[in-house]
> 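Before I ask anything, let me first share the structure, which is written out below as structure tokens.
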Amino acid sequence: MKTATGTREHIKVIEEYESGGLKVEILEYQKLLGISNASMAQQIYFMEEQNIRVRQIALYLNNEKVTIEKGAMSYFQGDIEMVSGVTVANALGRMVRGAITGEQMAQPEYTGTGLLVLEPSFKHFLVLELAKDESIIVDDGMFYCAQGGVTIKAVSQKNLSSAIAGGESIFQQQLTGPGIVILESTVPMSEIDIIEMENDTLKVDGNFAVLRSSTLSFTVERSAKTLVGSAVSGEGLVNVYRGTGQVWLAPTIKVYKTLDNAQALGSLHTKNLKMNTSRS
């Protein structure tokens with residue numbers, strides 16, 4: 001079978017995963033050599049020095065099916081067929097559900113044997129494998145691709161006021177195994193802390209939990225038992241996770257959002273910028 005790297009140079013496989021009839025490669029371009037503008041070349045140079053590189057997902061299917069984010073396909077080769085997943089019978093229901101939840105009416109499904117390569121991105125890719133009936137809830141916009149056995153659906157927060165106060169979307173995506181899941185993230189896996197919980201409570205100041213087990217409950221509460229205590233702590237409201245499962249925390253999201261805001265304001269200094277994401 002053709003490899004995703006093909007005849008290209010300055011590209012390498014940085015991560016590799018395999019499950020059932022699916023093999024996943026994360027490709028990374030070590031150099032971008034097509035820059036003809038001096039100013040852009042300087043910017044790309046510093047980006048590469050900071051490991052800001054173009055990455056791509058390659059999927060090798062062996063009588064397998066995958067579901068990808070709409071618009072994410074770059075090219076495919078082999079005996080692969082694309083279907084929308086929409087039929088005359090379910091089109092109206094999907095349309096109504098999409099209008100309410102923001103869920104896409106159809107996410108492309110590719111089935112068969114061959115090579116499917118997705119669009120390049122400067123973001124990072126997080127890959128995990130869900131066991132049968134294992135279920136997670138991911139941050140809005142993170143879903144990128146999933147193996148055929150994974151069920152994808154939009155779910156609403158049980159407590160709408162908590163969702164709004166905690167800075168979370170009212171509707172999020174729930175992914176249920178078995179199979180490989182690929183998420184697109186602004187934060188690399190090396191900066192994500194996986195918190196294991198067993199009949200435990202986790203309180204987070206801000207909405208930087210990018211993933212959680214569906215078994216966990218989510219609420220927004222005062223950081224202390226009293227209003228005075230919350231005022232003294234300076235934290236106000238916190239996102240609270242209870243139960244048994246995992247929470248993936250990415251604290252540096254605060255840093256990147258602050259830097260983006262500083263750049264948008266034309267500021268070169270972050271000394272006086274506030275990185276607190278609390279909704280207090």
> So, S214 versus Q174: side-chain donor-acceptor pair below 3.5 Å or not?
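Yes - a donor-acceptor pair under 3.5 Å links their side chains.
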> Please name the pair of heavy atoms, one in Y241 and one in A209, separated by the smallest distance, quoted to 0.1 Å.
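The pair with the smallest heavy-atom distance is OH-CB, 3.3 Å.
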> Hey, are E129 and Y17 close enough side-chain-wise for a donor-acceptor pair under 3.5 Å?
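No donor-acceptor contact under 3.5 Å links the two side chains.
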> If you round to the nearest 0.5 Å, how far is OG1 of T151 from CG of L130?
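Interatomic distance, L130 CG to T151 OG1, rounded to 0.5 Å: 10.0 Å.
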> Hey, can you tell me if Y110 and F76 have their rings parallel, tilted or perpendicular (30° and 60° cut-offs)?
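Geometry flag for F76 against Y110: perpendicular rings.
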> Work out which heavy atom in W248 is nearest to a heavy atom in Q246; give both atom names and the distance.
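Smallest interatomic distance, heavy atoms only, reads NE1-OE1, 3.1 Å.
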> How far apart are the closest heavy atoms of V117 and A4, and which atoms are they?
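Closest heavy-atom pair between V117 and A4: CG2-CB, 4.2 Å.
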> Would you give the length of the straight line joining atom CG of L118 to atom CE of M73, rounded to the nearest 0.5 angstrom?
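Answer rounded to 0.5 Å: 9.0 Å.
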> Which residue pairs pass the salt bridge (Lys or Arg N to Asp or Glu O under 4.0 Å) test with at least one member in residues 180-198, sequence neighbours excluded?
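Listed by first then second residue: nothing to list.
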> Return the minimal non-hydrogen interatomic distance between F208 and I253, and the atom names on each side.
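It is CB-CB, 4.4 Å.
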> Quickly, which of E16, E15, E64, E18 forms a salt bridge (charged side-chain N to carboxylate O under 4.0 Å, His left out) with K23? Name it, please.
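It is E16; the other options fail the test.
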> With respect to E28, which candidate in K12, Q56, R55, H10 satisfies the side chain to side chain donor-acceptor pair (under 3.5 Å) definition?
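It is R55, the one option of K12, Q56, R55, H10 that forms the side chain to side chain donor-acceptor pair (under 3.5 Å) with E28.
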> Locate the shortest heavy-atom distance separating L175 from V150; write the atom from each residue and the value.
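What the structure gives for the nearest pair is CB-CG1, 4.1 Å.
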> For the residue pair N199 and R242, establish whether any side-chain heavy-atom pair is separated by less than 4.5 Å.
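Side-chain contact under 4.5 Å: no.
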> Restricting to non-hydrogen atoms, name the atom on V66 and the atom on C145 that form the minimum distance, rounded to 0.1 Å.
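In this case the closest contact between V66 and C145 is CB-SG, 4.3 Å.
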> Using the rule given for side-chain contact (heavy atoms from CB on, under 4.5 Å), can you reason through V210 versus V138, listing the C-alpha separation, both sets of side-chain angles and the distance that settles it, and then say yes or no?
CA-CA 6 Å; V210 297; V138 300; over 6 Å; no
